[in-house]
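Let me begin by presenting the structure, written as structure tokens, before commenting on it.
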Amino acid sequence: MVTRSHPTAPPHRSAHRLLALLLLLAWLDAGAAHEATPLGPLSLNRPLDLFALSTVLHDPSGHDDLTQALARAETQATLHPESVAREGQHYWLVSRFEVHGHLPPTILRLGNMLFDEWAIYLLHEGRLIQHEVVAAAPPPGSPPSLDLSHLIPLQMGAEGEYTLAIRVSTRLFHRILVDLSSADRAIDQHVYQQAFNYAVFGALIALACYHLFIGLALLQITYIWYSLLAGTYLVYYLVLQGVMQRLFGIADPNLNLYIASATCARLFSLLFFCYMLDLRATAPRLRRLFLLTLALTVIQLVGEQLVDFYDALLLNRAMHLLIAPLLLYSAWRTWRQGFSPARYLVLGSLVMVVALAVRLLTVVGWIPYTALTPQLTFALLCLEVILFALALADRFKLLQRERSRQEEQNRSKHRFLTTLNHEIRSPLAVMLGEVGELRRTTQQGPYKEQVETLHYTGQALLDLVDNLLDYARNDEGRIPLHQVPFNLHRLVTSLHTLYAPRAAGQGLTLRLQLDPAIPARLVGDAVRIRQVLTNLLSNALRFSTQGEITFCVALERRRESDVELTFSVTDQGQGIRADDLPHIFERFYQGQGPGHAEGSGLGLAISQEIVTQMGGTIRVESTLGEGSHFHFRLPLAFEFPSAAPGHTPLPRYRILVVDDEALNREVIGGLLRNLGQEVVMADGGVAALEQFELGRFDLVLLDWRMPMLNGAATAARMRLHTDPLRASTPIYIATAQGPQADPHTYLGYGINGVMFKPLGRSQLTELLTGLKQHRRGEVA
């Protein structure tokens with residue numbers, strides 16, 4: 001049995017009641033004095049809190065020895081725990097016990113990371129029998145441990161009176177862990193604490209590393225701030241446990257790392273919340289408050305290294321009291337606005353507030369400091385980080401759902417654009433086919449110029465439809481380019497021929513300046529170049545009411561295999577305001593002034609993207625009221641001339657033309673008949689299969705989008721014909737999808753090739769020329 005006695009305590013039962021009352025007051029109010037009162041027999045199966053039962057003496061000079069401390073304990077009252085010490089001060093804790101009968105092995109547990117050294121003196125009947133010195137910082141190379149406590153076996157085997165005096169050298173004095181318990185109980189508690197601490201340690205490492213990997217993989221800064229938050233909590237935890245000293249030999253005598261890690265944790269909390277809640281977009285004013293708090297936290301981080309530990313700790317706690325409500329309010333506000341992941345941030349912020357309250361109440365003595373106090377703090381810390389991780393996971397689910405919704409919208413848009421493309425291009429193909437025949441037959445006569453204008457106008461409209469649909473289909477704004485040989489002189493003169501009558505009708509003069517040194521045959525995307533020039537010429541005509549428009553193409557540089565050209569359009573129109581010039585190439589931007597609202601705001605944006613992707617640059621200079629000068633430079637390869645092959649008459653083939661549109665069938669059939677071919681028509685997939693059974697064909701031109709039986713199904717059934725010769729008939733798709741379509745979409749159905757409407761005479765001639773090679777076993 002163990003009893004505690006005091007020389008001045010009267011040995012009667014009423015004192016026991018007085019002691020119980022004093023202990024209750026001491027637990028509720030740390031400012032009350034701990035008066036020494038005798039205790040009856042106690043069991044060590046539960047830890048005995050010695051701090052609450054010891055005489056606490058202040059030794060500011062640090063010169064008191066054991067004898068002086070024991071003498072002072074006889075005459076001085078215990079120190080009020082609210083008296084806070086500065087760095088480098090010392091205290092004595094003095095307790096007396098009486099042992100009667102057998103006492104199991106006894107363990108003294110010491111725990112507090114804010115002390116520098118414990119000096120333990122155990123006296124039996126006034127004689128010193130045990131002296132231990134325990135350093136706060138474990139020596140390098142000592143066995144790793146994640147337990148704050150130090151276990152000291154006490155030599156209390158004999159009966160009689162014992163005096164336990166503990167000299168504490170500490171940086172900040174408050175309620176600390178000093179208790180007695182049986183060895184079995186102490187060892188069990190130690191194992192439990194080790195397991196708990198390893199679990200917290202592993203959870204923080206896992207959360208920090210996992211979210212760091214996600215942040216780097218997705219390039220999401222929110223995950224980076226979270227991983228840094230968890231990482232600083234981990235450093236804070238390791239410093240508290242002394243692991244930094246044991247494992248890495250990092251000594252922190254002034255506890256700067258401890259304070260800095262706690263401050264950085266709050267710093268990264270602010271950054272994490274700011275990006276997680278997207279305060280830049282959702283709450284700009286609240287974001288400014290966050291930025292101010294961030295600046296104060298950075299200043300605090302620097303200032304903590306310049307003051308002593310006590311002031312740094314007070315500054316740290318004060319900043320925590322400021323940041324925690326700010327985080328809680330921002331999370332609650334965003335949750336109320338409908339951002340569901342913020343509910344986990346609210347819970348995490350509440351946990352943060354509770355953990356801060358536990359630490360503060362422990363410091364002032366309103367909550368007793370026991371072996372479970374640091375575990376409670378670390379458990380709350382880990383719970384806070386886990387709740388923040390759940391917020392990230394919930395946010396990721398929202399992003400996935402939003403991405404799935406956008407993908408479904410994109411699929412719907414793609415289906416719509418595909419249908420729209422087909423419906424627009426089909427009548428255009430018919431019109432251009434008929435105009436092409438007129439153009440071929442009307443070589444002379446009064447209508448030749450009108451037919452040419454109609455042809456180039458229709459071609460420009462088709463190009464515009466292709467480009468707009470292609471631009472709308474491509475969400476990234478990447479416009480595919482096709483490098484093919486083209487005649488630049490013909491392209492430029494055709495544009496001049498197209499726009500000159502319109503300019504004359506407005507009282508303007510369209511002047512063309514084409515450098516004769518430019519090679520006629522170049523390699524590039526003529527369709528895209530035409531589109532850019534069309535946009536520039538259309539704008540010049542729209543915003544000019546008088547004067548002259550100059551359309552110029554100049555040779556800037558010529559090398560062995562390529563040239564660099566400058567295309568420019570200069571007008572004398574109303575010009576562009578200086579405020580509009582920086583935004584003139586932005587999507588959907590319409591400048592201020594007459595006529596600006598008439599356009600879509602896409603023409604110049606599309607032109608800039610095309611020029612940029614072709615390796616060029618586009619610029620504008622303009623003065624309000626005097627006109628504008630648009631110019632762009634492009635590098636283009638040029639095609640070397642080759643000997644022209646002699647004309648070879650085309651063989652006569654039997655061709656099956658399948659299309660559900662009658663006009664398309666007539667246009668394609670008319671072109672083929674003019675080329676001397678035998679043509680059989682079919683208005684759909686079913687009729688095509690019937691004609692395919694009736695006789696052999698040398699070629700099948702098959703529309704892709706048809707009702708009942710589309711082009712894919714029709715081609716697949718033709719390939720399954722029992723006659724090997726018929727099954728191997730060349731099948732070409734004629735589609736209105738446009739050149740931006742992927743040919744591999746069609747080739748998987750047994751298709752030999754793809755042709756894009758409108759089909760012209762040159763395309764069909766090239767196809768028929770290569771058909772002879774295909775019949776010899778080659779794929780055209």
Side-chain angles (χ1 to χ4, degrees), residues 436 439-440 443 449 452-453 455-460 462-464 466-467 479-500 503 510-538 540 548-570 606-620 629-648 739-740 756 760-763 765-766 769-770:
R439 190 162 164 259
R440 187 179 65 85
Q443 298 294 333
E449 184 177 347
E452 289 293 329
T453 301
H455 168 74
Y456 288 120
T457 304
Q459 189 62 49
L462 181 63
D463 294 342
L464 180 62
D466 283 342
N467 293 327
I479 300 178
L481 301 176
H482 304 279
Q483 300 295 324
V484 294
F486 71 98
N487 190 310
L488 178 67
H489 291 198
R490 182 178 178 186
L491 184 152
V492 171
T493 54
S494 66
L495 286 173
H496 180 264
T497 302
L498 173 64
Y499 283 99
L510 178 60
R511 187 182 304 278
L512 174 63
Q513 296 178 357
L514 178 61
D515 192 336
I518 299 175
R521 298 288 295 178
L522 298 174
V523 177
D525 196 321
V527 173
R528 305 302 181 186
I529 296 175
R530 175 193 292 271
Q531 181 182 353
V532 175
L533 294 174
T534 299
N535 284 330
L536 298 184
L537 289 169
S538 297
E548 182 179 87
I549 298 175
T550 303
F551 176 24
C552 176
V553 184
L555 176 65
E556 295 293 333
R557 184 182 306 169
R558 176 166 183 162
R559 291 181 286 266
E560 293 184 359
S561 59
D562 63 350
V563 294
E564 187 170 337
L565 307 180
T566 297
F567 300 81
S568 63
V569 177
T570 306
I606 294 175
S607 299
Q608 185 185 48
E609 294 193 14
I610 291 174
V611 171
T612 301
Q613 290 186 42
M614 296 180 72
T617 56
I618 185 169
R619 298 287 184 269
V620 58
H629 174 62
F630 285 86
H631 57 95
F632 62 94
R633 302 182 70 170
L634 281 183
L636 294 171
F638 57 84
E639 186 182 35
F640 291 99
S642 58
H647 177 72
T648 304
Q740 68 274 6
F756 300 107
R761 184 182 181 89
S762 60
Q763 290 175 274
T765 302
E766 182 179 355
T769 302

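No experiment lies behind these values; they were computed from the predicted model shown. All heavy atoms count here, side chains included; hydrogens, waters and symmetry mates do not.
Interatomic distance, L536 CG to I549 CD1, rounded to the nearest 0.5 Å: 11.5 Å. Note that CD of E564 is 6.0 Å distant from CZ of R559, once rounded to the nearest 0.5 Å. Note that CG of D525 and CD of Q531 are 9.5 Å apart. Values are rounded to the nearest 0.5 Å. The CD atom of E609 lies 14.0 Å from the CE atom of M614; values are rounded to the nearest 0.5 Å. For the atom pair CZ of F632 and OG of S607, the computed distance is 8.0 Å after rounding to the nearest 0.5 Å. Distance check, rounded to the nearest 0.5 Å: NE2 of H496 to OG of S494 gives 11.0 Å.
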Working for side chain to side chain contact (heavy atoms under 4.5 Å, CB included), residues T550 and V569: CA-CA 6 Å; T550 303; V569 177; over 6 Å; no

Side chain to side chain contact (heavy atoms under 4.5 Å, CB included) assessment of L636 paired with I529: CA-CA 11 Å; L636 294 171; I529 296 175; 4.1 Å; yes

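R490 and N487 make their closest contact through N-OD1, 2.9 Å (heavy atoms, listed as atom of the first residue, atom of the second, distance). In plain terms, the two heavy atoms of A517 and R558 that are nearest each other are O-NH1, 3.8 Å. In terms of heavy-atom proximity, V523 sits nearest to F486 at C-CE2, 3.9 Å. Considering all non-hydrogen atoms of both residues, S538 and Y499 come closest at OG-OH, 3.2 Å. For the pair T617 and V611, the tightest heavy-atom approach, listed with the atom from each and the gap, is N-CG1, 3.5 Å.
Under the side chain to side chain donor-acceptor pair (under 3.5 Å) rule, T570 has a single partner from Q513, H631, R511, H629, which is H629. With L495 as the fixed residue, the side-chain contact (heavy atoms from CB on, under 4.5 Å) test singles out one of L510, T534, L512: T534.
In this structure, H489 contributes its side chain and I518 its backbone to a donor-acceptor pair below 3.5 Å.
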